[in-house]
Amino acid sequence: MDDKNGQVVAGGNGEGNRLDQLNRPTDVLIDKDTDSLIICDGSNQRVVQWSRRSGTTQGEILIDNIACAGLAMDDQRYLYISDYKKHEVRRYQIGDKNETLVAGGNGKGDDLNQLNFPTYIFVDQQQAVYVSDSNNHRIMKWNKGAKEGIVVVGGQGEGNALTQLSNPQGLFVDTLGTIYVADTENNRAMRWSKGAKQGTVIVGGNGEGKGANQFKTPIGLSFDRHGKLYVVDGGLFGNKRVQRFSIE
C-alpha cells in the first residue's frame, strides 16, 4: 500500500480537553482485543481509548489525573503507564480501578528505588518493566515485584560517551534482552547488548541536523516485523519526521 496521506483516527479537532480532542499526545498503543487505540493524552493528563471502528468521533477516558508520558501493555493485557510528575510507573487492569506501583514512587531522585521524569516504558514477557529514566540519563529495569530497579544502560551522568545517555526517551527491548534507546539530546539511537557496559551508536550521532544520518531531538523508536527501525525524529523543536532505517 503506497498511500502518502495519513488518516485521522483520533483527535483532529484542535487542541482541547473535550472527548473529541487531544492535547499534546505522547504515546499510543493498539489494543487488538477491543480493536481500539489507547492514547497518552499528555497535556490533558489522562489516558483515553478510541475505537478504531469507522464512525468513531470521540474517545473515552480510561484514567484521569495522570501526568502520563509512556504506555505499554503486556501479554495479559495489563496496561503500564509512566507518570512524570509522580516519578513512577503503575500497572492497571483495563476496566478495573485497581492499580499497582511497579517502578519508582519514592519521590524524585536517583536512588535505585527512585526515578526522575520517567518517559517511555517497555514490558517484557516476564513482566519486567524497562523505564527511560530521562532526567537521570539512564534506563532502569524493574523486575516483577521488585522494590528497586537495576541500572541497565547509562547512569554515568549526562554525556555523549558510549557509556552515557542524555535525556533518553524511546525504548525497545528485543527477545535477547538487547536494549534500543532514542538518546534524545545526543541526537542518536543506540543499541546495548544485554549486560554490556557500553553501547553502540546505530544511527545518528553526527550532530544535530536534517541530514539522512542526523536527528534533532529523536524521541521515539519502534521496529516492524521485518526488523526495520523507525525513529520519531522530533520533539517540540525537532525535525517533525519519522525515519526508517535498515540496521544490521
Side-chain angles (χ1 to χ4, degrees), residues 7-106 113 115 117-133 140-147 149 169-173 175 219-220 222-223 225 232:
Q7 177 189 359
V8 178
V9 290
N13 295 301
E15 180 183 300
N17 63 4
R18 296 193 318 249
L19 287 178
D20 66 344
Q21 294 177 308
L22 299 169
N23 190 349
R24 286 202 188 160
T26 55
D27 205 1
V28 60
L29 55 82
I30 295 172
D31 180 12
K32 293 190 181 79
D33 283 31
T34 58
D35 194 25
S36 63
L37 302 171
I38 297 175
I39 301 165
C40 191
D41 189 9
S43 291
N44 282 328
Q45 303 213 352
R46 64 191 185 186
V47 176
V48 293
Q49 186 169 25
W50 284 64
S51 169
R52 293 173 67 197
R53 287 188 289 276
S54 64
T56 299
T57 56
Q58 65 179 42
E60 59 175 307
I61 298 170
L62 286 181
I63 298 154
D64 220 342
N65 301 317
I66 183 166
C68 68
L71 297 169
M73 189 181 274
D74 68 19
D75 296 341
Q76 287 157 26
R77 289 192 72 242
Y78 282 105
L79 184 63
Y80 297 73
I81 307 171
S82 63
D83 186 322
Y84 63 83
K85 285 190 176 171
K86 291 182 179 169
H87 310 286
E88 66 185 25
V89 180
R90 286 184 176 269
R91 187 183 77 195
Y92 298 80
Q93 184 139 33
I94 294 177
D96 187 352
K97 289 288 181 250
N98 290 340
E99 58 190 71
T100 308
L101 181 74
V102 292
N106 294 296
N113 68 348
L115 299 168
F117 207 89
T119 56
Y120 292 94
I121 51 183
F122 185 92
V123 181
D124 70 13
Q125 288 171 319
Q126 283 73 49
Q127 292 182 323
V129 181
Y130 294 79
V131 186
S132 270
D133 189 10
M140 300 294 289
K141 179 184 181 183
W142 289 63
N143 287 310
K144 187 179 180 182
K147 293 284 177 267
Q169 296 208 47
L171 183 61
F172 181 86
V173 185
T175 51
I219 57 168
S222 180
F223 284 90
R225 58 200 168 98
V232 180

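For the single chain, residues carry numbers from 1 onward in sequence order.
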Checklist line | N13 CG to L19 CG distance, which is reported to the nearest 0.5 Å | finding: 11.5 Å
Checklist line | Check: P118 and H87 side chains under 4.5 Å, non-hydrogen atoms | finding: yes
Item checked: Closest non-hydrogen atom pair between T34 and Q49, with its separation -> OG1-NE2, 3.3 Å
Note to self: So, taking the atom named CG in D33 and the one named CD1 in I30, what distance separates them when rounded to the nearest 0.5 Å?
What the structure shows: 12.5 Å
Margin query: Please give me the minimum heavy-atom distance between W50 and L22, naming the atom from each residue.
Written below: NE1-CD2, 4.2 Å
Margin query: Is any side-chain heavy atom of N17 closer than 4.5 Å to one of N23?
Written below: no
Note to self: Side chains of I66 and Q45, heavy atoms from C-beta outward: is any pair under 4.5 Å?
What the structure shows: no
Margin query: Less than 4.0 angstrom from a charged side-chain N to a carboxylate O is my criterion; do D31 and R77 meet it?
Written below: yes
Check: Looking at side-chain heavy atoms only, is the closest gap between V102 and Y78 below 4.5 Å?
Finding: no
Check: What is the minimum heavy-atom distance between G105 and E88, and which atoms define it?
Finding: N-CB, 3.4 Å
Margin query: Under a 3.5 Å distance rule, please check whether N106 uses its side chain to pair with a backbone N or O of N113 as donor and acceptor.
Written below: yes
Next item on the list: Would you check if Q125 and D75 make a side-chain contact, meaning some heavy-atom pair closer than 4.5 Å?
Entry: yes
Checklist line | Reported OH-to-CG distance for the pair Y80 and D74, which is rounded to 0.5 angstrom | finding: 3.5 Å
Check: What are the two closest heavy atoms between I219 and Q169, and how far apart are they?
Finding: O-CB, 3.4 Å
Note to self: In terms of relative ring orientation, are F117 and Y84 parallel, tilted or perpendicular, with 30° and 60° separating the classes?
What the structure shows: tilted
Next item on the list: For residues G16 and N44, report the shortest heavy-atom separation together with the two atoms involved.
Entry: O-ND2, 2.9 Å
Notebook entry, point to check: Do I94 and I38 have side chains that get closer than 4.5 Å, going by heavy atoms?
Noted result: yes
Margin query: Using side-chain heavy atoms (C-beta onward) and a distance below 4.5 Å, is L37 in contact with R52?
Written below: yes
Check: In Å and rounded to the nearest 0.5 Å, what is the OH to CG distance from Y120 to D133?
Finding: 15.5 Å
Notebook entry, point to check: Roughly how far, to the nearest 0.5 Å, is the CZ atom of R46 from the CD1 atom of I63?
Noted result: 13.0 Å
Next item on the list: Taking all non-hydrogen atoms of both residues into account, name the closest pair between G11 and V8 and its distance.
Entry: O-CG1, 3.5 Å
Check: To the nearest 0.5 Å, how far apart are OH in Y92 and CD1 in I81?
Finding: 5.0 Å
Next item on the list: Please work out which of the three classes, parallel, tilted or perpendicular, describes the rings of F223 and F172, given edges at 30° and 60°.
Entry: tilted
Notebook entry, point to check: Between the main-chain N or O of A69 and the side-chain N or O of T26, is there a donor-acceptor pair closer than 3.5 Å?
Noted result: yes
Check: Do the side chains of R91 and K144 get nearer than 4.5 Å, heavy atoms only?
Finding: yes
Note to self: Any side-chain to backbone donor/acceptor pair from S82 onto G70? Under 3.5 Å, distance only.
What the structure shows: yes
